[in-house]
Amino acid sequence: MEEISTDLLVIGSGLAGIVSALEAESMGIKPLLVGKFSIGFGTNSSLANGAFSAENSRFSKQDHLTATLESGKGLNHLPLVKILVEKGSEAIEKLRRYGVPLVERGVGYTVDRKRDEFQLPGVILIRSLLNRLRKSSIQLFPGLTIFDLVIEEDEVQGAFGFYKDGRPLLVRSKAIILATGGGGGIYRRNDNQKSILGDGYAIALRAGLPLLDMEFVQFYPFVLAEPRLSTFILYPPYPEEARLFNEKGEDLLEKLEIKEDLNQAIITQRDRLAVSLYEASESGDVFFDLTRVGDEKWKYYPLNFLIKSKFPFRERPFLISPAVHFFMGGVEVDEKCRTELLGLFASGETIWGVHGANRLGGNALTECVVTGIVAGQSAVEYVHIKESQRTLSVDPEILNRRWEKRAKAYLKKRKGVFDHPKDLMVELKDLAWKYLGPIRDEDSLHRGMAQLTSLEKRIERVYPESLKELFKKRELENGLLLIKAMLKGSLLRKESRGSFFRKDFAEQDDENWLKNTCYRLEKGEPQITHRLIERSGRDN
């Protein structure tokens, strides 16, 4: 089995992972950056709208703090929010030094598209960072899927995974940064990349780490739902001529008594819009109408992307429906992005704490950069401590033999009757959308658990006959673990808050549910506890 050594391994090659690696390199470390597919692309960062919420001439740090906490509905981890707010400006300046074109906007900054009006902001962002990576000493390993962390004596020693051609690899590393993104791809309707399947969450749980608030999932209200079209998100800014109505022709914004325009509502009332549009779409079609928009506006972003399609967006209204957009929960970290496991750090959407019950628009990319910087710095500090100790926790030969045995177990071919992994993944995604969608209740959650139990038995009988099926089996196992945890957490939270809505407990209940949900894996099963949040000091 192939084995390599590095000071720092960064798992995940989106914005958070790239920034983590660049920050570590600037401090004298030569990191190894790995991605399941290509570096940078194939991540949600490349699909992003390029908006960063951060202090600017019209948006103060106090404004940013207040807006983030208001969106989070009391569940934010205040120390992490303060770090996001305090380091926002530093993050913007660092991106500019990396070559990312940014311009000031209302509540922060956005990627400047003047040089390429027909390109997604996320693509411009990632291309700029890839140009910077090419000038660095960072080792890039695309096409490497990490299956497990290597842990000895309660300390991370490296990671184990497979190249896309099936060769097993053991990476020995003094420190690891987990930056694998969220888990939107486990839902049938989502606007994420297909590869975003909650891998980092599953890796963390199997390593014995806690996840927090995984029941809180943000749904974006305006996502294409036309047959044969991809679930592409309709990005703001929305023209003032845009209309939203149901199949009866009723104006939904008027019916919902939303007095703000769409551009403001998508930032401040994203959760309410998603629930309302989901309810409307369950009883009939929901349409987005751009037919009144003048010719001149179709020349500019984001409408210029729609007119490249064969679909007649200018000529007739089109179907939309909410879709999964972002996970607020994740791996628990402290203010230095350290996890409970010595040597393991995390950044980006993989972590919990900043967003609480609902994310403020523009905070996702800011979080990636800020926590990427912090995780990179903290990991380098840890590496220096390890180097000064000059100790080895386990004999390298023993470690190699142990993981070579694990690799053979993963690759061992067995015969038997089983479902195809691809078909099972479709069923798993359908189950997540049906029972963990924008609206939940006790009866449906119990039905979801019953169906998942049946599906779990079928997944256990999957015996991969090819490398492709081996990777699919792991994705099924990760998705199953995540969905089971989320169903359990949703059953226990008997209230509605932010992005989380239970129609049988439709009100926010601060008296009983001002708590964070803690998920841990015990004997292979997710176990749930709750942590009470102190009411005092939330806005200080």
Rounded at 0.5 Å granularity, tell me how far CG in Leu140 sits from CD1 in Ile39. 5.5 Å

Between atom CG of Leu84 and atom CD of Glu367, what is the distance when rounded to the nearest 0.5 Å? 7.0 Å

Ile233 and Phe222: side-chain contact (heavy atoms from CB on, under 4.5 Å), yes or no, with the steps? CA-CA 6 Å; Ile233 189 171; Phe222 311 133; over 6 Å; no

Donor-acceptor side-chain pairing of Gln508 and Ser496 below 3.5 angstrom: no

Do Ser444 side-chain atoms and Tyr435 backbone N/O form a donor-acceptor pair below 3.5 Å? no

Salt bridge or not for Lys422 and Glu469, using N-O below 4.0 Å? no

side-chain contact (heavy atoms from CB on, under 4.5 Å), that's the test. Do Glu442 and Leu491 meet it? Break it down for me. CA-CA 6 Å; Glu442 185 163 358; Leu491 271 167; 4.0 Å; yes

Heavy-atom closest pair, residues Thr350 and Ala179: OG1-C, 3.7 Å

Pairs touching residues 320-331 that satisfy side chain to side chain donor-acceptor pair (under 3.5 Å), sequence neighbours left out: Asp191-His325, His325-Arg359

Going by atom types alone, do Ser20 and Ser347 pair a side-chain donor with an acceptor below 3.5 Å? yes

Taking all heavy atoms of Glu335 and all of Pro79, pick out the closest pair and write down the distance. OE2-CB, 3.4 Å

Exceeds 12 heavy-atom contacts within 6.0 angstrom, atom NZ of Lys488: yes

Give a yes or no answer on whether the side chain of Arg474 reaches the backbone of Phe147 with a donor-acceptor pair at less than 3.5 Å. yes

Closest heavy-atom contact between Ile146 and Ala159? CG2-CB, 4.0 Å

Can you tell me how far the OG atom of Ser490 sits from the CG atom of Leu445, to the nearest 0.5 Å? 5.5 Å

If the test is salt bridge (Lys or Arg N to Asp or Glu O under 4.0 Å), which one of Asp509, Asp510, Asp271 qualifies with Arg497? Asp510

Kindly give the heavy-atom pair with the smallest separation between Ile186 and Leu197, and that separation in Å. CG2-O, 3.6 Å

Return yes when atom CG of Asp154 has more than 12 non-hydrogen atoms of other residues, nucleotides or ligands closer than 6.0 Å, and no otherwise. no

Does one side chain, of Arg270 or Gln218, offer a donor that lies under 3.5 Å from an acceptor on the other? yes

Any donor-acceptor N/O pair, Asn358 side chain to Ser71 backbone, under 3.5 Å: no

Ala357 backbone acceptor or donor facing Ser499 side chain under 3.5 Å: yes

Between the main-chain N or O of Ala450 and the side-chain N or O of Ser454, is there a donor-acceptor pair closer than 3.5 Å? no

Test item: Phe219 and Leu277 side chains (from C-beta on) under 4.5 Å apart, heavy atoms: no

Please confirm whether the ring centroid of Phe216 lies under 6.0 Å from the ring centroid of His355. no

Indicate whether the side chain of Asn478 and that of Arg206 have a donor and an acceptor atom separated by less than 3.5 Å. yes

Taking the six-membered ring for Trp, are Phe160 and Tyr410 parallel (under 30°), tilted (30 to 60°) or perpendicular (over 60°)? parallel

In plain terms, say whether Lys36 and Asp199 are close enough for a salt bridge, that is, a side-chain N and a carboxylate O under 4.0 Å apart. yes

State whether a side-chain donor-acceptor pair under 3.5 Å links Glu3 with Asn400. yes

Shortest non-hydrogen separation from Cys337 to Val374 and the atoms involved: SG-CG1, 3.8 Å

Is it true that a side-chain atom of Arg189 and a backbone atom of Thr231 form a donor plus acceptor pair closer than 3.5 Å? no

Could you walk me through whether Gln193 and Ser46 satisfy the side-chain hydrogen bond (donor to acceptor under 3.5 Å, both in side chains) test, starting with their C-alpha distance in whole Å, then the side-chain angles of each, then the deciding distance to 0.1 Å, before giving a yes or no? CA-CA 9 Å; Gln193 294 276 17; Ser46 63; 3.2 Å; yes

Within the 3.5 Å criterion, strictly below it, is a donor on Tyr382 or Glu387 matched to an acceptor on the partner's side chain? no

Answer yes when Arg502 and Asp441 have at least one side-chain N-carboxylate O distance shorter than 4.0 Å, and no when they do not. no

More than 12 heavy atoms of other residues, nucleotides or ligands under 6.0 Å from NZ of Lys472: yes or no? no

Salt bridge check, Glu155 against Lys386: does any charged N sit closer than 4.0 Å to a carboxylate O? yes

Within a radius of less than 6.0 Å around CD of Glu507, do more than 12 heavy atoms belonging to other residues, nucleotides or ligands occur? no

Salt bridge or not for Glu495 and Arg493, using N-O below 4.0 Å? yes

Compare every heavy atom of Ile126 with every heavy atom of Ser45, then report the nearest pair and how far apart it is. CB-CD1, 3.7 Å

Are Thr68 and Asn363 linked by a side-chain donor-acceptor pair shorter than 3.5 Å? yes

How many angstroms lie between CG in Asp213 and NE2 in His530, if you round to the nearest 0.5 Å? 8.5 Å

Report yes if the side chains of Leu492 and Thr517 come closer than 4.5 Å at any heavy-atom pair, otherwise no. no

Output yes when a side-chain donor or acceptor of Ser38 lies under 3.5 Å from a complementary backbone atom of Phe41, and no otherwise. yes

So, does Ser388 use its side chain to make a donor-acceptor pair with the main chain of Ile385 at under 3.5 Å? yes

Thinking salt bridges, do Lys473 and Glu477 make one under a 4.0 Å N-O criterion? yes

To the nearest 0.5 angstrom, please state how far the CG atom of Leu436 sits from the CG atom of Leu431. 7.5 Å

Stepwise, does the side-chain contact (heavy atoms from CB on, under 4.5 Å) test hold for Leu428 with Leu452? CA-CA 8 Å; Leu428 197 63; Leu452 191 69; 3.8 Å; yes

If you define the side chain from C-beta out and look only at heavy atoms, does anything of Tyr163 sit under 4.5 Å from Leu169? yes

In terms of ring plane angle, is the pair Tyr201 and Phe327 parallel, tilted or perpendicular, where the classes change at 30° and 60°? parallel

Taking the side chain as everything from C-beta on, heavy atoms only, tell me whether Glu460 gets closer than 4.5 Å to Glu456. yes

Test salt bridge (Lys or Arg N to Asp or Glu O under 4.0 Å) on Arg406 and Asp148 and set out the steps. CA-CA 10 Å; Arg406 180 78 65 88; Asp148 300 290; 3.6 Å; yes

Checking Val10 against Ile138 for the side-chain contact (heavy atoms from CB on, under 4.5 Å) test, could you report, in this order, the C-alpha distance in whole Å, the side-chain angles of both residues, the deciding distance, and whether it holds? CA-CA 10 Å; Val10 181; Ile138 297 169; over 6 Å; no

Spacing of Gln139 atom CD and Thr6 atom OG1 [to the nearest 0.5 Å]: 6.0 Å

Check this for me, if you would: do Lys336 and Glu381 make a salt bridge, where the nitrogen-to-carboxylate-oxygen distance has to be below 4.0 angstrom? yes

